[in-house]
Amino acid sequence: MIDLVDQRRFYLAVALLFGVPGLVLGATLAGLGVVAGVGQTQLGGLPPPLLTVGWALSGLLGLLAWVRLSWAWVSAGRDGLQWPHGSWWWLLGLGVAAALALVGVVVLDIGPGRGNAYLLLLAGPPVLVPTAVLYVQRNRGRQERLQ
């Protein structure tokens, strides 16, 4: 079995490979979504402004929660994932929902002449990989406490 130090090193590698690019591109896209949603009126082909702003804010809050919970995991291990308030996990869940919605939009939007839609998969959804690791580690920590 892998010890806790090696698990944290593995997480750092996963976070650097998937999380940081997803964080940078996802925060950029979500920030643009907030600006576009606030500044737009109802246009044909675009979602309503309130939906755009809500989706983008969900993504931004999810990314913020991922950074906070990642810091807790790296600095204190499984116990660190038990300390933050439960609202951080709810915010992370909002971010997961926003990323999965983006994946759905990309899958439904693929068609002739829309090859660039795949590039949207680099903005946010890569953070789902280290997020899954955080959820697994949190659940393992809870199981250890029950034993």
Side-chain angles (χ1 to χ4, degrees), residues 1-40 46-111 114-147:
M1 183 155 179
I2 301 174
D3 66 338
L4 193 60
V5 173
D6 288 337
Q7 288 179 7
R8 287 195 219 167
R9 287 182 185 154
F10 170 76
Y11 181 76
L12 281 174
V14 168
L16 288 174
L17 183 64
F18 293 102
V20 173
L23 175 69
V24 171
L25 294 173
T28 303
L29 183 67
L32 289 173
V34 169
V35 170
V38 168
Q40 86 180 27
L46 292 175
L50 186 59
L51 178 66
T52 304
V53 171
W55 185 12
L57 284 176
S58 295
L60 281 173
L61 291 172
L63 290 170
L64 176 68
W66 175 74
V67 169
R68 168 64 177 99
L69 293 171
S70 293
W71 175 255
W73 162 243
V74 170
S75 65
R78 287 188 188 133
D79 288 336
L81 293 178
Q82 307 303 321
W83 296 336
H85 193 269
S87 60
W88 287 106
W89 291 99
W90 283 101
L91 291 174
L92 188 62
L94 276 176
V96 167
L100 291 176
L102 182 61
V103 170
V105 165
V106 168
V107 167
L108 293 175
D109 197 39
I110 299 301
R114 295 184 184 221
N116 293 337
Y118 285 118
L119 294 176
L120 288 175
L121 292 177
L122 297 175
V127 179
L128 292 173
V129 176
T131 296
V133 174
L134 287 176
Y135 276 120
V136 167
Q137 293 301 331
R138 181 180 185 217
N139 289 335
R140 283 186 184 167
R142 283 184 170 180
Q143 289 173 356
E144 285 177 1
R145 285 181 175 215
L146 293 175
Q147 293 176 352

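Keep in mind the model is a prediction, meaning the values are calculated, not measured.
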Margin query: Determine whether L100 and L128 satisfy the following criterion, side chain to side chain contact (heavy atoms under 4.5 Å, CB included), listing intermediate values before the conclusion.
Written below: CA-CA 9 Å; L100 291 176; L128 292 173; 3.9 Å; yes
Notebook entry, point to check: L64 and L91: side chain to side chain contact (heavy atoms under 4.5 Å, CB included), yes or no, with the steps?
Noted result: CA-CA 8 Å; L64 176 68; L91 291 174; 5.7 Å; no
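Across all their heavy atoms, L63 and G26 have their closest contact at CD1-C, 3.7 Å. In terms of heavy atoms, G19 sits closest to W66 at CA-CH2, 3.6 Å. Shown here for S70 and L134, the closest heavy-atom pair between the two residues is OG-CD1, 3.8 Å. Summarising the geometry of V24 relative to T28, their closest heavy-atom pair is O-OG1, 2.7 Å, with the distance given to 0.1 Å. The two residues A56 and A30 have their closest heavy-atom pair at CB-O, 3.2 Å. In terms of heavy atoms, F18 sits closest to P130 at CB-CD, 4.0 Å.
Judged by distance alone, the side chain of Q82 and the main-chain N or O of G141 form no donor-acceptor pair under 3.5 Å. In terms of modelled atom types and a separation under 3.5 Å, the side chain of W73 and the main chain of R78 share no donor-acceptor contact.
With sequence neighbours excluded, the residues forming a ring-ring contact (aromatic ring centres under 6.0 Å, His included) with W89 are Y135, listed by chain and number.
A heavy-atom distance below 4.5 Å is found between the side chains of Q7 and L4. Within the 4.5 Å cutoff, no side-chain heavy atoms of V127 are placed close to those of V96. Side-chain atoms of Y11 and L16, non-hydrogen and from C-beta on, never get closer than 4.5 Å to each other.
Rounding to the nearest 0.5 Å places CG of D79 at 13.0 Å from CZ of R138. A distance of 9.5 Å separates CG in D3 from CZ in R8, rounded to the nearest 0.5 Å. Atom CG of residue L29 and atom CG of residue L102 lie 6.5 Å apart, to the nearest 0.5 angstrom. Atom CG in L121 sits 11.5 Å away from atom CG in L25 (nearest 0.5 Å). Going from atom CG of L60 over to atom CG of L94 covers 11.5 Å, rounded to the nearest 0.5 Å. L81 contributes atom CG, which lies 10.0 Å from atom CG of N139 (distance to the nearest 0.5 angstrom).
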